[in-house]
Amino acid sequence: MSGHGHSHGCCEDEHEPAERGLEYALYQRIDIEKLQCLNETREGDGKLVFKPWDQRTDREKFVESDADEELLFNIPFTGSVKLKGIIIAGEDDESHPAEMRLYKNIPQMSFDDTGREPEQAFRLNRDPLAQLEYPTKIARFSNVNHLSIHISRNFGTESTRVYYIGLRGEYSQAHRHEVTICNYEASANPADHKVDSIIPQTNFIS
C-alpha cells in the first residue's frame, strides 16, 4: 500500500503516521518513575503501555489486571498538560477495557476514590489496532499535573488487558507556577523578608 508514492495525500482527513506520532508524544512528559498502576498482575507492567506511537500495536508489552477487571493508572506529569484526546488499545476479545473514567490532579488515587464523580467517562469500543481517539472536554483538562485513568470494567471476562494508552495534548513547563507560589508566600508576610529580596523575582512574572 505504501509502495505507491503518489497515492497518499488523497484523503485530507487522514493524518500521516509520523504526524500523529508527534501528536501522541505526551508519554515523554510522564514522570515514569512515579507512575502507579493499581491491581496490575506484575509490578511495573502499567508503565509499559505508555510507549511511542510506532509501538502502539506491539504485543510484547502490556498490563493485565489481577484480582478483578479493574485497573487504576496514576500518571504524574513533569509539567502542566492540556489533554485533548486518549487512545486505549487492548486485545480483540472480552478482556478489552469497556469503560474508562478520567480524574485530574488527585495524586495517589486509590480504588476507594473512584466513587467520586469523574471529570469525564467514556464507553469504549474494542480497538486492538489503536485507531480510535476519545476526545476530552478540553476545558476540564486544561491544567493537568496528574491524570488518573480508571478502567472500571471490560467486555465480560475476569481480567483486563491493555497494550497501549496514547495521550494527545499540549505540554508546558511547571517552573512559572512555582515562581508564583514562592512570590505569594514571600509577600504574604513582608515582616519576615527583606523587601529587596523579592523584587528581582517579581520581575520574572509577566
Using only atom types and a distance under 3.5 Å, with no angle test, would you say the side chain of [X] pairs donor to acceptor with the backbone of [Y]?
X	Y	answer
Lys51	Lys61	yes
Glu64	Thr41	no
Asn39	Ser65	no
Asp31	Thr78	no
Glu40	Gly46	yes
Thr136	Leu83	yes
Thr160	Glu69	yes
Asn74	Pro107	no

Within 45 degrees of the axis of the six-membered ring of [Y] and under 6.0 Å from its centre: does [X] put its NZ or CZ there?
X	Y	answer
Arg126	Phe155	yes
Arg59	Tyr163	yes
Arg29	Tyr171	yes

Student check: side-chain heavy atoms of [X] and [Y] closer than 4.5 Å:
X	Y	result
Lys84	Glu170	yes
Arg101	Glu119	no
Asn125	Tyr134	yes
His96	Arg161	no
Val81	Leu147	no

Step by step, would you call Phe50 with Ile75 a side-chain contact (heavy atoms from CB on, under 4.5 Å)?
CA-CA 10 Å; Phe50 299 91; Ile75 307 158; 3.5 Å; yes
How about CD on Glu158, more than 12 heavy atoms from neighbouring residues, nucleotides or ligands closer than 6.0 Å, or not?
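No.
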Closest non-hydrogen atom pair between [X] and [Y], with its separation:
X	Y	answer
Leu72	Ser148	CD1-CB, 4.4 Å
Ser110	Leu38	CA-CD1, 3.9 Å
Ala139	Ser142	O-OG, 3.6 Å
Ser152	Glu99	OG-OE1, 2.5 Å
Pro128	Ala89	O-CB, 4.2 Å
Val49	Val162	CG1-O, 3.3 Å

Hphob cluster co-occupancy, [X] + [Y], side-chain heavy atoms under 4.5 angstrom:
X	Y	answer
Phe111	Ile151	no
Ile32	Ile149	yes
Phe73	Ile86	yes
Ile87	Tyr27	no
Ile88	Leu102	yes

Can you list the steps and then say if Asn143 with Ser80 is a side chain to side chain donor-acceptor pair (under 3.5 Å)?
CA-CA 6 Å; Asn143 191 10; Ser80 179; 2.6 Å; yes
Of Ile106, Asp112, Asn105, which is the lone residue that meets side-chain contact (heavy atoms from CB on, under 4.5 Å) with Met109?
Ile106
Measuring from atom [atom1] of [X] to atom [atom2] of [Y], what distance do you get when rounded to the nearest 0.5 angstrom?
X	Y	atom1	atom2	answer
Arg153	Leu71	CZ	CG	14.5 Å
Glu91	Ser159	CD	OG	11.0 Å
Glu23	Leu167	CD	CG	13.0 Å

Mind checking whether Tyr103 and His150 have parallel, tilted or perpendicular rings, split at 30° and 60°?
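Ring orientation, 0 to 90° scale: tilted.
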Is there a side-chain contact (heavy atoms from CB on, under 4.5 Å) between Lys104 and Arg140 once you walk through the steps?
CA-CA 9 Å; Lys104 76 168 189 182; Arg140 294 189 185 179; 5.6 Å; no
Centroid separation Tyr164 to Phe62 less than 6.0 Å
no
Under the side-chain contact (heavy atoms from CB on, under 4.5 Å) criterion, do Gln120 and Phe141 qualify, and how do the steps go?
CA-CA 9 Å; Gln120 197 169 355; Phe141 293 95; 3.4 Å; yes
